[in-house]
J.: 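Supplied in structure tokens, the structure appears directly below.
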Amino acid sequence: MEVLNKVYYPKDIEKKWSQRWEEAQCFCAKFNHKPAFSILMPPPNVTGILHMGHTLNNVIQDILCRWARLQGQEVLWIPGTDHAGIATQSKVEKELNKEGLSAKSFGREAFIRRAQDWRNKHGHIIYDQLKSLGVSCDWSRATYTLDPQYSCGVLTAFVRLYESGYIYKGKRLVHWCPVSQTALSDEEVIMKTIPGKLYTFLYKIVEKEDTFIPIATTRPETIMGDVAVAVHPEDPRHQHLMGLHCQCPFTDRIIPIIADKAVEKDFGTGALKITPAHSPIDFEIGKRHELPLINVFNPDATLNEHGAPFQGMDRFQAREAVVEALKSKGLLQKIEDCEHAVGHSERSHVPIEPYLSEQWFLRYPKVKEAQQCVEEGCIDFWPKRWIKTYQHWLNNIQDWCIGRQLWWGHRIPVWYHKQDPQNMHVSVEGPQDPENWNQDPDVLDTWFSAWLWPFCTAGWPDKEALKTNYFDRFFPSHTLVSGPDILFFWITRMIIASLEFLEDRPMAQRIPFQNIYLTGIVRDSMGRKMSKSLGNSPDPIDLIRTYGTDGVRIGLLSIAPQGQDIRFDARFLTQGRNFCTKLWNACRFRQMQDECVLHASLQDFIVALEQKPLSLYDQHLLVRLHATLQMFETYLKTFEFNAAIKLVQQFFKNEFCDWYLEVLKYAREQTIGNPLAVQDLCLRQVLIMLSPFAPFIAEELWEQLQFGKGFIHEAGWDLTPLQNFIHTFSSQNLEQIETIEVLRGVVSALRSLKAECKLSARKQITLYACLRETCTETFKQHWQLIQRLAGFQSIEYCDASSLPIVSAATITTSWGTFALLTETHNERQRIQKDIHALSAHIASAELKLSNENFVNHAPQEIIEGVKNLLKDNLRKREDLQKLLK
RNA sequence: GGACGGUUAGCUCAGUUGGUUAGAGCUACUGGUUUACACCCAGUGGGUCGCAGGUUCGAGUCCUGCACCGUCUACCA
């Protein structure tokens with residue numbers, strides 16, 4: 001018969017199955033009577049390229065989907081991409097700049113066309129990369145956040161929130177990115193603690209000759225925007241100055257010295273310059289004291305006319321210049337080093353400015369409900385500890401600045417009348433007479449579209465679309481899988497949006513997902529975050545080329561404990577690849593033994609098992625297989641993927657290959673048991689367990705070995721027939737089956753004995769055995785196998801006194817003592833060492849048992865356990881002591 | 001400043017409700033290759049479980065304090 005290639009070549013096989021799955025539309029969700037299961041794929045940016053984080057996330061989602069399919073559920077997994085406002089806009093701007101053009105000169109319409117072109121050209125890259133990971137999502141339902149229907153949902157959400165009073169326009173300090181020149185939300189600002197300087201300047205008191213007040217600041221460039229100096233009302237140092245005025249440097253402004261409790265007495269000089277247009281605290285103080293707002297910056301953070309005499313300078317240049325100027329006037333008292341936290345733009349990495357502007361804000365609806373649904377357990381977190389973080393954020397939630405001064409995105413559906421700009425029109429369709437209106441120039445934050453993902457992907461608010469997409473069947477989804485970095489950006493907001501917009505349902509039907517699984521961060525082998533600038537982020541596509549998709553998936557998952565950061569090292573992928581090869585070869589070995597015939601169902605396998613009586617080795621393996629299957633199921637239910645994959649690997653390698661197949665080579669010669677049927681069943685179940693993790697190789701071998709008529713994911717996961725079958729023999733025979741474990745221990749001990757004597761494993765010599773009476777029969781029953789596995793020519797049974805002692809190496813097991821004739825020195829010493837070790841264990845056990853407290857308090861089974869162990873050790877020691885005599 | 005996570009073998013990590021002599025994998029070292037697989041097999045070595053106390057008959061596991069590493073979060077010019 002035809003046998004597999006000697007080596008597994010993933011590339012062709014992956015291509016073949018990707019095509020076959022797609023042709024058969026395996027992963028398109030259908031309407032049927034199966035239980036429904038769905039997952040929301042976090043949409044990557046259209047500008048994105050696949051990184052290790054995506055790889056981990058999507059593989060986990062794929063495992064959940066494939067596992068659900070195995071269990072007979074109908075699975076919907078919608079993929080998609082996000083238009084990524086700032087990221088895409090800056091990418092296109094850069095491209096234009098290269099051509100010597102600027103976005104502004106290009107104009108809004110032309111720019112958007114250009115961005116669309118860009119998306120059409122590059123949008124498929126991330127999809128192709130995802131496909132090569134083997135993800136089983138429904139590509140026919142792929143959604144893009146700027147699709148017309150999706151956009152309609154976004155605008156509808158805006159209009160509804162506006163109408164119910166949650167969206168409003170306000171003039172206040174926002175986080176301003178001087179590079180992208182747009183406002184940002186709180187979440188897009190990253191606080192970094194950086195070293196800076198704290199300058200102390202002297203402001204001249206107007207009312208008193210030659211008197212100064214020292215003020216401390218880290219931002220001298222905003223001095224021209226000062227409108228007051230504030231001190232703490234109870235600060236003794238400045239009592240005499242309160243109510244007086246001082247001169248604002250570089251301007252002719254006379255500014256008051258005011259008292260406000262927000263000033264920290266102990267920081268700096270205790271006197272704070274108040275620049276309400278450039279600092280949130282100052283803004284609040286300014287409001288309380290009705291101070292004017294003076295903005296000294298242009299949108300790009302160069303100084304404007306209020307910043308004279310430094311107009312036109314960049315903010316950092318201006319800082320130097322101001323310091324120099326005041327120094328030359330003798331008004332600089334000191335410069336100190338100081339660490340302080342400065343907000344940085346998440347995208348362009350520059351320090352953000354608190355900047356006064358008019359923006360759209362959202363006051364979050366349904367905050368209480370969002371907390372409640374987690375408290376009540378409608379939504380569960382994995383790992384649980386994230387619940388605290390989630391609740392903490394909701395407790396401190398701030399209004400969301402949703403407007404962005406960009407062109408790329410959903411334009412805000414608000415129009416201002418040309419004659420009367422106070423007259424606003426807010427609707428999805430826009431006004432009837434557009435010629436009389438100007439639309440708001442801003443677009444919405446990208447996350448304002450992403451937070452609608454759970455239902456806009458199904459066509460919300462269009463009721464017909466929701467129906468044709470079986471929304472009610474597949475909502476809520478089962479699990480959201482993501483990194484914790486977008487817990488607030490996206491996950492929490494999706495919960496709020498779903499609670500708000502699906503209002504006519506009970507809470508359990510309004511939440512977007514039942515579980516939130518937060519993965520760890522993939523770091524490099526030194527524990528650093530992966531980043532472009534460090535160049536420590538491997539390209540998953542390269543890794544797939546080297547290790548195969550399944551190798552990458554297995555390797556990555558086996559080092560990803562639940563919610564813990566991952567230290568990535570390619571050598572783990574080597575393990576994954578090696579495992580695939582091993583699996584491949586075990587199947588090849590099966591083919592070499594005998595023809596494989598088509599088995600259509602699990603029942604067929606069991607029928608095959610019943611054709612011949614099973615050996616003890618067969619029975620033992622089947623019992624182990626069953627235990628493995630049950631454990632596997634538990635692990636997947638509790639999202640312990642790394643434990644699950646390790647379990648399968650361990651069963652397959654240690655129990656199946658290294659033990660059973662070696663036994664089988666002997667058993668076949670002896671024609672005992674039913675090794676073919678046992679192998680078939682084990683391989684079948686191993687492939688099934690592996691299929692969510694390593695879908696390509698599993699599918700290929702499933703076909704090669706003819707384990708079913710259809711795809712492997714149609715195999716089903718009902719263990720009952722197997723359980724019943726195993727019960728037929730294991731119930732009366734369990735004790736005997738368990739002796740196989742001891743047998744393995746004895747074989748291992750004998751191998752070790754030979755190795756220690758520097759004898760080759762194949763060296764055929766005589767084994768001297770001094771067996772315990774109760775074990776003699778069992779030992780003899782397995783002797784031929786032991787002989788073969790450990791390599792002995794013959795055996796001589798003897799009692800302890802006749803064992804050849806001094807010139808022999810010995811080992812003692814629970815079945816008895818074994819010895820080899822060899823030129824070993826120090827054998828006595830070795831035995832003494834063993835006796836010594838045993839004595840320590842014996843002493844500890846005896847101490848325990850003589851402790852009344854222990855005997856009175858400890859549970860019976862623990863005491864029994866200690867007693868048995870003591871007995872066993874005592875006997876072993878006795879055996880050894882006999883040898884020395 | 002607050003919250004959370006981590007600290008167990010050279011490395012990466014398991015270790016359930018406290019309970020028998022703390023386990024894997026990788027690496028290292030030794031040896032082997034018979035009916036699959038050198039992307040293989042067998043064997044060996046290696047740990048006062050971060051530190052200091054406490055509770056208990058019994059602590060890697062529970063409690064208290066400390067140290068170090070990391071993440072998030074709020075920030076004072």
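To find a chain, count down the sequence lines: A is the first, B the second, and so on, and within it residues start at 1.
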J.: Measure CD1/A/Ile281 against C1'/B/C75 and give the value in whole Å, please.
T.: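 Computing the A/Ile281:CD1 to B/C75:C1' distance gives 8 Å.
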
J.: Atom CG of A/Asp594 and atom P of B/A36: how far apart are they, to the nearest Å?
T.: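 In whole Å, B/A36 P and A/Asp594 CG are 17 Å from each other.
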
J.: Could you let me know what B/C72 is paired to, Watson-Crick or G-U wobble, both distances under 3.5 Å, or none if it's on its own?
T.: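 When the pairing criteria are applied, B/G2 turns out to be the nucleotide that pairs with B/C72.
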
J.: Applying a 4.0 Å non-hydrogen cut-off, can you work out what A/Thr574 is touching in the nucleic acid: base, sugar-phosphate, or nothing?
T.: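 No contact.
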
J.: Are there more than 12 heavy atoms of other residues, nucleotides or ligands under 6.0 Å from atom CD of A/Glu852?
T.: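 Not more than 12 within 6.0 Å, no.
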
J.: Is it true that atom CD of A/Gln398 has more than 12 heavy atoms of other residues, nucleotides or ligands lying nearer than 6.0 Å?
T.: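 Not more than 12 within 6.0 Å, no.
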
J.: What is the nucleic acid contact for A/Pro484, judged by heavy atoms within less than 4.0 Å: base, sugar-phosphate only, or nothing?
T.: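 Touches nothing.
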
J.: Is any side-chain heavy atom of A/Leu173 closer than 4.5 Å to a side-chain heavy atom of A/His278?
T.: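 Sidechains of A/His278 and A/Leu173: no contact.
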
J.: For B/C13 versus B/G2, give the span between their C1' atoms, rounded off to a whole number of Å.
T.: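 The answer is 30 Å between these two C1' atoms.
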
J.: NA contact type, A/Ser748, heavy-atom cut-off 4.0 Å: base, sugar-phosphate, or nothing?
T.: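 If one applies the 4.0 Å heavy-atom cut-off, A/Ser748 turns out to touch the sugar-phosphate alone, with no base involved.
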
J.: Determine the Euclidean distance between corresponding P atoms of B/A59 and B/U21; express it in Å to zero decimal places.
T.: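 Approximately 11 Å lies between the P atom of B/U21 and that of B/A59.
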
J.: To the nearest Å, give me how far apart CG (A/Asn851) and P (B/G58) are.
T.: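 These atoms are roughly 7 Å apart.
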
J.: With heavy atoms under 4.0 Å as the rule, sort A/Lys582 into base, sugar-phosphate or nothing.
T.: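 Counting heavy atoms under 4.0 Å across all strands, the contact made by A/Lys582 includes a base.
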
